[in-house]
Amino acid sequence: MTPRSRSDAPSPSAVALIPARAGSLRVPGKNVRLLAGHPLLAYTIAAAHESSVFDAVVLSTDSAEIAQIGSHYGAEVPQLRPAELATSTSPDITWVTHILDVLAQTGRIYEQFSILRPTSPFRSGISIRRARDLLCSQRADSVRAVRPCHEHPAKMWTLDGAFIRPLLPQPPGEVPLHSRQYHALPEIYVQDSSLEFAWTRVTRDGRDIAGSTILALVSQGFEGFSIDHPHDWELAESLLARGDAALPEISHHSQVSTQR
């Protein structure tokens with residue numbers, strides 16, 4: 001790991017938490033599937049080290065195979081995640097508190113943590129430093145990456161039998177929200193899964209990973225891009241082939257020899 005510089009020494013202690021369970025449903029095996037010659041999770045590990053803001057980079061996984069690959073690329077795996085905390089419906093708070101407790105048992109207690117999901121390979125060390133600097137500059141519980149929402153919730157509906165009803169309450173006596181031009185609607189942001197940075201106290205005080213005061217880190221370029229569906233993988237490869245997006249640099253040799 002790149003050591004902190006003297007100018008960074010007063011910064012709060014921080015740990016990077018990288019979740020990589022084995023049971024991906026939409027893109028099976030995606031965390032260790034090869035992208036540009038390396039497993040997907042390797043780029044998140046590289047970005048965490050590149051940022052130089054963490055005292056430790058820790059992988060949380062229920063898979064011995066993923067743990068071995070993560071270790072090869074520079075992440076710690078102090079303990080495998082219990083199976084009951086690695087289902088498709090397991091809340092983030094469960095595995096976050098699990099790994100923080102595991103670290104605390106050996107005296108490793110951190111003031112901040114960041115969740116860095118392997119599904120965002122174009123997120124860089126610079127992205128992570130922006131989030132940490134933002135969190136340290138203002139009084140808030142956490143920072144979350146967001147991007148402008150292209151499908152506005154004012155244009156969304158729920159089914160009620162054979163009928164549809166607006167998702168959002170409509171202003172009485174005015175033009176309905178769903179009948180207005182997009183640019184006449186309030187600007188709305190949607191969270192992406194690329195980055196969260198928070199004070200660890202929020203996990204103790206509220207059993208939450210975000211707290212109640214959350215700063216917005218507006219994603220730039222493709223840093224918030226996430227591989228969640230098969231077509232996202234194809235798009236990631238296309239972005240790389242055209243030179244529109246770049247991956248964090250990796251110095252390790254790949255240990256995964258077959259495409260998944």
Side-chain angles (χ1 to χ4, degrees), residues 16-51 54 57-83 85-92 95-96 98-99 114-128 145 147 191-196 219 221-260:
L17 303 179
I18 301 174
R21 66 185 186 90
S24 174
L25 298 177
R26 293 174 294 193
V27 186
K30 66 180 176 182
N31 288 318
V32 292
R33 182 176 174 179
L34 295 183
L35 179 67
H38 292 282
L40 186 64
L41 67 84
Y43 298 105
T44 289
I45 297 171
H49 285 296
E50 179 186 288
S51 73
F54 298 115
V57 176
V58 177
L59 180 68
S60 173
T61 182
D62 58 324
S63 163
E65 177 196 13
I66 294 176
Q68 190 274 331
I69 294 172
S71 296
H72 171 74
Y73 282 94
E76 297 182 52
V77 189
Q79 188 179 109
L80 289 182
R81 191 194 307 184
L85 306 183
T87 71
S88 61
T89 58
S90 298
D92 286 327
W95 68 262
V96 168
H98 169 261
I99 197 63
S114 180
I115 298 177
L116 304 174
R117 304 178 198 276
T119 47
S120 295
F122 303 133
R123 175 228 305 107
S124 67
I126 293 174
S127 311
I128 297 168
R147 58 175 171 77
Q191 67 185 44
D192 64 48
S193 58
S194 66
L195 197 151
E196 294 153 77
S219 294
F222 291 102
E223 65 184 4
F225 178 88
S226 182
I227 297 177
D228 298 313
H229 301 276
H231 66 268
D232 294 329
W233 196 282
E234 298 172 3
L235 179 55
E237 292 178 324
S238 177
L239 290 170
L240 289 171
R242 298 198 306 264
D244 292 337
L247 294 163
E249 185 176 346
I250 293 177
S251 58
H252 298 73
H253 294 294
S254 177
Q255 282 197 329
V256 182
S257 59
T258 59
Q259 181 71 35
R260 295 179 182 249

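- Below 30°, between 30° and 60°, or above 60°: for H231 and H229 the angle between ring planes is below 30°, a parallel geometry.
- P78 and V58 make their closest contact through CD-CG1, 3.7 Å (heavy atoms, listed as atom of the first residue, atom of the second, distance).
- Under the 4.5 Å side-chain criterion, counting only non-hydrogen atoms from C-beta, F222 is not in contact with L235.
- Residues forming a salt bridge (charged side-chain N to carboxylate O under 4.0 Å, His left out) with E196 (at least two apart in sequence, or on another chain): R117, R144.
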Derivation of the side chain to side chain contact (heavy atoms under 4.5 Å, CB included) call for R81 and I99: CA-CA 8 Å; R81 191 194 307 184; I99 197 63; over 6 Å; no
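- Under the rule for a side-chain contact (heavy atoms from CB on, under 4.5 Å), the partners of S226 that lie at least two apart in sequence or sit in another chain are T119, S120, S193, D228.
- Closest of all the heavy-atom pairs between L85 and W95 is O-CB, 4.3 Å.
- Residues A75 and I45 come closest through the heavy atom pair CB-CD1, 3.7 Å.
- Not counting sequence neighbours, E234 has no partner by the side-chain contact (heavy atoms from CB on, under 4.5 Å) test.
- Between the CD1 atom in I115 and the OG1 atom in T44 there is a gap of 12.5 Å [rounded to 0.5 Å].
- By the 30° and 60° cut-offs, the orientation of the rings of H38 relative to Y73 is perpendicular.
- Residues P39 and L34 approach most closely at N-CD2, 3.6 Å, considering heavy atoms.
- Applying the side-chain contact (heavy atoms from CB on, under 4.5 Å) criterion to S219, with sequence neighbours excluded, gives A145, D192, S194, E223.
- For the pair T61/L80, a side-chain contact is recorded, criterion being any heavy-atom separation below 4.5 Å from C-beta on.
- Residue L195 holds its CG atom at 9.5 Å from OG of S51, rounded to the nearest 0.5 Å.
- Side-chain contact between L17 and S60 is absent, with no heavy atoms from C-beta onward closer than 4.5 Å.
- In this structure, L240 and L35 have side chains that are in contact, with non-hydrogen atoms separated by less than 4.5 Å.
- Among all heavy-atom pairs drawn from P121 and I227, the shortest one is CG-CD1, 4.2 Å.
- One finds the CD1 atom of I66 at 11.5 Å from the OG atom of S71 (value rounded to the nearest 0.5 Å).
- Rounded to the nearest 0.5 angstrom, F225 CZ and R123 CZ are separated by 13.0 Å.
- When all heavy atoms are compared, the tightest approach of A236 to F122 is O-CZ, 4.0 Å.
- In this structure, the separation between CG on L116 and CG on L59 is 11.5 Å, given to the nearest 0.5 Å.
- For D244, the salt bridge (charged side-chain N to carboxylate O under 4.0 Å, His left out) test picks out R242, with sequence neighbours left out.
- Using a 4.5 Å heavy-atom cutoff, the side chains of L40 and R33 are not in contact.
- Every residue was checked against the ring-ring contact (aromatic ring centres under 6.0 Å, His included) condition with Y43, not counting sequence neighbours, and none meets it.
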